[in-house]
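Reading through the structure tokens given below for one structure.
The structure displayed is predicted, hence computed values, not measured ones.
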Amino acid sequence: MPGRAPARRPLTVTAAAIVSLVATVALAPAALAEPESNGERPPAYAYRASGLEVEGGTSIAQAATIDPGIHLDGFARGSEDTFSSQGTRKYYRIAVEDGQRVHAAATIAPDPYEDGLPEEPEALEVTAGFLTADGDTCTGSSTEQIGESHVGDGPVSATAVSEVVGPDGCRGSELFLLVIRKGPRAFETELPVEIQVAIQPPGIGGGSPAVEEEIEDAGASPLPPEGSEPIALGRSFAEATPLEPGSYLVELVPGETGLVSVQVGERQRLRWRTEEVSEPGEDPGAMSLRVHNAARAVVTTDEGPWHLGVGNGVHGGAMTAPVDLGNRGSDLDSVQSAWLPGTHTVMLQRFQRETDAASSGSEPVRLVLTLEVQGEVAADAAEGDVLELGEISGSEAGEGWLGLGDWSPARLLMLAGAAGLGVLGLVTFLAGSALLLLRRR
């Protein structure tokens, strides 16, 4: 009998290996099995949508309830015609109280074209607006379209602000956000849409504007960068790289979107400057720089776009007024935009080039980016966020479009399969052990 023991050992070893493998699979991070939106992962340099997953309703009655923060939903289709009103419509329910306003932003992010921009532009549009339970419009005058919607290049956004909730505005304890995706760009492909919601408490935005005339400013002063290598840029609003005021090297390839953030308080003014420090090659295309406040609305800073490799390669701009809550009452649009203190996100976007453009222009372009915050924070500045923003940081906003959380359907299927293998391994192990005991008897 002792001579037969080695022949049975592989059975128990195999069972132990199966159990070990099952444990490894079951405990592996969900992100390792992240599915792909179009059969391929988006390029590492592209905008990467993120947020808490939600499924909007197809009517007001079916609207999904959402809180302040960033949410992520999939919009199945666009429209074959650029000017068509058809497309995917989704509704979201937001609890409100008298005196409040709601700020909303929707950002849609297609993958870059594989071979550059086509000859015929393919528009992509997303819109946002507010309704009451009766279906009446409750959108104020502040609506905005942001990005290269006419060609569907990079992230495209829309922002909207509701009217005041209450007897003199929109009545009810709920508002309904309607988000619509339109346009022929990838119109049969489901695309992720980030939906950000923020609540404005009553009484915010009173007082006089900080300035009566726009401040003319060509941008920040030139400073040497703090490092010799390009910094890592964020790929979404939620994951924008936080920076202190200073000078940094950045590098962009065609189709790239990179985001950084900087804090700008009340009575402070953001100034910026970029300078090309590499030869971009023949016909490298164009780029833009936009500044967004914490509600994703654009803050006017003379952002471009501009063509790369033209002139001295230096561009700059600044807010036309120090940030002040009273700026909301200004007659000047650019001053109105500089009203919300707190996190400001700087989006750098290098546009895609046309399909037949010279190959040399596709090389990375290196820039010196300088961010300067002028002035001191007001002594009587409000503490904390002026708006109720909810969870908007990358660590709280989920793992991205179709990212797998611990209890996503794909994760559950994986765990179910792992459990099945575990049972099989355990049964094999017990059967082998029982057989061994019987034979020893």
Strictly distance-based, threshold 3.5 Å: is any side-chain N or O of T274 a donor or acceptor partner for the main-chain N or O of L369?
no
Count the heavy atoms of every other residue, nucleotide or ligand shown that sit under 6.0 Å from CD of Q62, and state whether that count exceeds 12.
yes
Scan side-chain atoms only and decide if T320 and S334 contain a donor-acceptor pair under the 3.5 Å cut-off.
yes
Please walk me through it: do L249 and E229 pass side chain to side chain contact (heavy atoms under 4.5 Å, CB included)?
CA-CA 6 Å; L249 276 178; E229 293 298 324; 6.0 Å; no
Minimum heavy-atom separation for P322 and V211, please, with both atom names.
CD-CG1, 4.0 Å
Run the side chain to side chain contact (heavy atoms under 4.5 Å, CB included) check on Q268 and V377 step by step: do they pass?
CA-CA 6 Å; Q268 291 186 315; V377 177; 3.6 Å; yes
Under 3.5 Å side-chain donor-acceptor pair for T107 and R296:
yes
Would you check if the side chain of Q349 reaches a backbone N or O of D153 as a donor-acceptor pair within less than 3.5 Å?
yes
Side-chain heavy atoms of V262 within contact of L270, under 4.5 Å:
yes
So does A358 get a backbone contact from the side chain of R353, meaning a donor-acceptor N/O pair under 3.5 Å?
yes
Hey, can you tell me if W306 and H315 have their rings parallel, tilted or perpendicular (30° and 60° cut-offs)?
parallel
With no hydrogens and no angle check, just 3.5 Å: does a side-chain donor-acceptor pair link T343 and Q263?
yes
In terms of heavy-atom contacts, F351 and P305 come closest through CE1-CB, 3.5 Å
Passes side chain to side chain contact (heavy atoms under 4.5 Å, CB included), T355 versus Y113? Steps please.
CA-CA 9 Å; T355 302; Y113 290 99; over 6 Å; no
Are the side chains of I199 and I94 in contact, using a 4.5 Å heavy-atom criterion?
yes
Can you check whether A218's main-chain N or O pairs, donor with acceptor, with D302's side chain at less than 3.5 Å?
no
Side chain to side chain, L124 and I108, heavy atoms closer than 4.5 Å:
yes
Counting C-beta onward and ignoring hydrogens, is there a side-chain heavy-atom pair between P341 and E266 closer than 4.5 Å?
yes
Below 4.5 Å, heavy atoms only, C-beta onward: do I70 and L72 meet side chain to side chain?
no
Do other residues, nucleotides or ligands put more than 12 heavy atoms under 6.0 Å from the CD atom of E97?
no
I need the full list of salt bridge (Lys or Arg N to Asp or Glu O under 4.0 Å) pairs touching residues 245-261, with sequence neighbours left out, sorted by first then second residue.
R235-E256, E251-R366
Tell me if a side-chain donor or acceptor on S247 pairs with a main-chain N or O of T370 at a distance below 3.5 Å.
no
Assess the side chains of E55 and Y92: does a donor N or O sit below 3.5 Å from an acceptor N or O?
no
Within the distance-only criterion (no hydrogens, no angle test), does the side chain of S337 pair as donor or acceptor with the backbone N or O of T300 below 3.5 angstrom?
yes
Enclosure of E376 CD (heavy-atom neighbours >12, cutoff 6.0 Å)
no
Answer yes when E125 and R185 have at least one side-chain N-carboxylate O distance shorter than 4.0 Å, and no when they do not.
no
Short question: side chain of S330, backbone of Q336 - any donor-acceptor pair under 3.5 Å?
no
Could you pull out the closest heavy-atom pair between V96 and G172, with the gap in Å?
CG2-O, 3.9 Å
On a heavy-atom basis, the closest approach of N327 and A338 is ND2-O, 2.7 Å
S278 side-chain N/O to P280 backbone N/O, donor-acceptor pair under 3.5 Å:
no
On a heavy-atom basis, the closest approach of A64 and V54 is CB-CG2, 3.9 Å
Got L252 and P364 here, is their nearest side-chain heavy-atom distance under 4.5 Å?
no
Sort out for me which residue in H344, M319, R290 forms a side-chain contact (heavy atoms from CB on, under 4.5 Å) with T301.
M319
Only one of E388, Q100, H103 forms a side chain to side chain donor-acceptor pair (under 3.5 Å) with Q200, so which one is it?
H103
Between D283 and A357 (side chain of the first, backbone of the second, donor and acceptor by atom type, cut-off under 3.5 Å), is there such a pair?
no
Within the side chain of E276, is there an N or O that forms a donor-acceptor pair under 3.5 Å with the backbone of G309?
yes
Between R350 and Y45, does the side chain to side chain contact (heavy atoms under 4.5 Å, CB included) criterion hold? Intermediate values first, please.
CA-CA 10 Å; R350 184 176 174 189; Y45 56 80; over 6 Å; no
Test item: F130 and V161 side chains (from C-beta on) under 4.5 Å apart, heavy atoms:
no
Is it the case that over 12 heavy atoms from other parts of the model lie below 6.0 angstrom from the CG atom of D356?
yes
To the closest 0.5 Å, what do you measure between CG (D73) and CD1 (I195)?
5.5 Å
